[in-house]
Amino acid sequence: MHFHLEATDGRARAGLLETPHGTVKSPFFMVVGTAASVKGMTIEQLHNAGTQVVLANTYHLAVRPGSEEVRKRGGLSKFMGWNGPTLTDSGGFQVFALAKKRTVTPEGVRFNNHIDGKELFLTPERAVEIQQDIGADIMMCLDECPPAKAPRDDIATSMLLTHAWAKRCKEKWAANPGGQALFGIAQGALFEDLRKESAEYLASLDFPGYAIGGVAVGEDTSDIRRIVDFTAPLLPANKPRYLMGVGTPADIIAAVRAGVDMFDCVMPTRHARHYQAFTREGPINLKNARYAEDDGPLEDGCDCETCRSVSRAYVRHLALLGELMASVWVTIHNVRFYLRLMENLRAAILAGRLEEVAAELYHG
RNA sequence: GGGAAGAUGCCCGAGUGGCCAAAGGGAACAGACUGUAAAUCUGUCGGGCCCCGCCCUACGAUGGUUCGAAUCCAUCUCUUCCCA
């Protein structure tokens, strides 16, 4: 995998990331499709929205249908009919999200899965194996994602475990790299010294790309900004930098300015299912009574299929009835909103006008 | 014409003397959601106020029994069902 930097504007970067399934223009947002499906969107709709990369999840696919099945179906990208670049998260986030269903030991994470309770033992090596079966262009190291508010000692211990696992993942992957890339994940929560230590250790392992993990797991927005601002520049400049799980449009803009290249977040799709649409003026809840007679599009001037087709009043009508299409219409819009935001950020960086443009792109 | 059951807050529906402004649903209104156990979850939901408490109005209508009634009694109105 090769990352080519095209331009910088301040600390922000625009680049090209070459993957086995095509070249991706950065900075970019990866649409989350955990179980090999972006909830509420067809492949054609994803293409029309300008999707570049789809993200799926190791844990979920290992539970169902099983990574071996995905491999036999031709790998994630082909299996889901996407045929474009993909990335798989390692299951590290499930250490956080499914805290009640797992046990962490130095060897790995033992899950009792959320579907039928059956055991899934995810070691660093196993996480890589599974991801090799799934076949995403980018794999992530297994990490331990602790809650941001955990005591410093816990965060430090957790970070060292993540480092040990990163080394094991690296070795497992390096033995048979194939065309897939493997990214390391820096931890350290809100402690700058730990973040620095983590970034430096991971850099020493020499990964094709680096992620900032352990963000947006219970901390305030101001802390997210502070730690991303601090950490991003510590990651190798010639490699892609990925901020995992973030976030709001404002978070993303701030992170791009800090030098982050890649993002993913469930926000556009999940919020859409809950009838919240993003606009450059901020999010709006389409179930609110104030939109009952609003014949305008979800967002003024938006070029998405939803905004070209239906009104706020209509989507509200569907939402009130719980109609499936209410969520679909908003999902199409939100995904396009996020992807257009990234396109605009990239264009601004290439034009060297990020500072002037950033403020206009979003004021929610 | 005779008999039976029933009328509860926007709707459905518990409640048969005090702990009832009244369970539980639904609707409505609002909020949350950041590497997806989430088409989910939470709050409000008769009115008013000096709103962790008080006042008013309320369980078909009117009158009564009682210290006290959505709950008991009488009459009336309406609804449903059964027999003619």
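Naming convention: chains lettered A, B, ... in sequence-line order (proteins, then strands); numbering from 1 in each chain. These figures come from a predicted structure and were not determined experimentally.
- Taking the P atom of each, B/rG46 and B/rC29 are spaced 16 Å apart, rounded to whole Å.
- Partner assigned to B/rU71 is none, using Watson-Crick or G-U wobble distances below 3.5 angstrom.
- Across all strands shown, the partner of B/rA7 is B/rU77, judged by Watson-Crick or G-U wobble contacts whose two distances both fall under 3.5 Å.
- Not one side-chain nitrogen or oxygen of A/N285 sits closer than 4.0 Å to the OP1 or OP2 atom of B/rA30.
- If you check every strand for non-hydrogen atoms under 4.0 Å, A/K287 touches sugar and phosphate atoms only.
- Taking for each of A/H114 and A/G245 the nucleotide of RNA chain B with the nearest heavy atom, the 5'-most of the two is the partner of A/G245.
- The aromatic rings of A/H47 and A/W82 sit parallel to each other, their planes meeting at less than 30°, with 60° as the upper class boundary.
- The closest side-chain donor-acceptor pair between A/Q187 and A/D143 falls under 3.5 angstrom.
- Here A/S327 lies out of heavy-atom contact (under 4.0 Å) with every strand.
- Rounding to whole angstrom units, NE2 of residue A/H271 and P of B/rU36 are separated by 14 Å.
- Using a 30° and 60° split on the angle between ring planes, A/Y242 and A/F183 fall in the perpendicular class, above 60°.
- Set against B/rU36, B/rA37, B/rG35, the side chain of A/C145 has B/rG35 as its closest nucleotide.
- Look at A/H60 and the base of B/rU36; the rings do not stack under the cut-offs of 5.5 Å between centres and 30° between planes.
- Remark: B/rA22 base-pairs with no nucleotide in the shown strands. Criterion, Watson-Crick or G-U wobble with two distances under 3.5 Å.
- Across the strands present, B/rU66 finds no partner; the criterion is a Watson-Crick or G-U wobble pair with both atom distances under 3.5 angstrom.
- Taking the six-membered ring where tryptophan is involved, the planes of A/H4 and A/H2 are essentially parallel, since the angle between them stays under 30° and well short of 60°.
- Distances shorter than 4.0 Å separate none of the side-chain N or O atoms of A/R270 from OP1 or OP2 on B/rA39.
- Contacts of A/D143 with the nucleic acid, taken as non-hydrogen atoms under 4.0 Å apart, include base atoms.
- Counting non-hydrogen atoms under 4.0 angstrom, A/Q187 reaches a base of the nucleic acid.
- The side chain of A/Q94 places no N or O atom within less than 4.0 Å of a non-bridging phosphate oxygen (OP1 or OP2) of B/rG35.
- Using a 4.0 Å heavy-atom cutoff across all strands shown, A/R316 reaches sugar-phosphate atoms only and no base atom.
- Looking at the side chain of A/L320, the nearest of the listed nucleotides B/rA28, B/rG35, B/rU40 is B/rA28.
- Pairing for B/rG1 goes to B/rC83, judged as Watson-Crick or G-U wobble with the two contacts each under 3.5 Å.
- Of the N and O atoms on the side chains of A/Q131 and A/T88, at least one donor lies less than 3.5 Å from an acceptor on the other residue.
- Side-chain atoms of A/Q132 and A/N176 include no donor-acceptor pair closer than 3.5 Å.
- For B/rA30, one of the phosphate oxygens OP1 or OP2 lies less than 4.0 angstrom from a side-chain nitrogen or oxygen of A/N288.
- The separation between A/E144 atom CD and B/rG35 atom C1' is 15 Å, rounded to whole Å.
- Heavy atoms of A/G40 sit nowhere under 4.0 angstrom from any nucleic acid atom.
- Base pairing of B/rA37: no nucleotide in any strand meets the Watson-Crick or G-U wobble criterion (both distances under 3.5 Å).
- For the P atoms, the distance linking B/rC76 with B/rA84 amounts to 26 Å, nearest Å.
- Under the Watson-Crick or G-U wobble criterion, with both distances below 3.5 Å, B/rU42 is paired with B/rA30.
- Proximity of A/T34 to the phosphate of B/rU36: a side-chain N or O atom is located under 4.0 Å from OP1 or OP2.
- With a cut-off of 3.5 Å on both Watson-Crick or G-U wobble distances, the partner of B/rG17 is given as none.
- Here the C1' atom of nucleotide B/rC33 and the CG atom of A/N334 are 13 Å apart, to the nearest Å.
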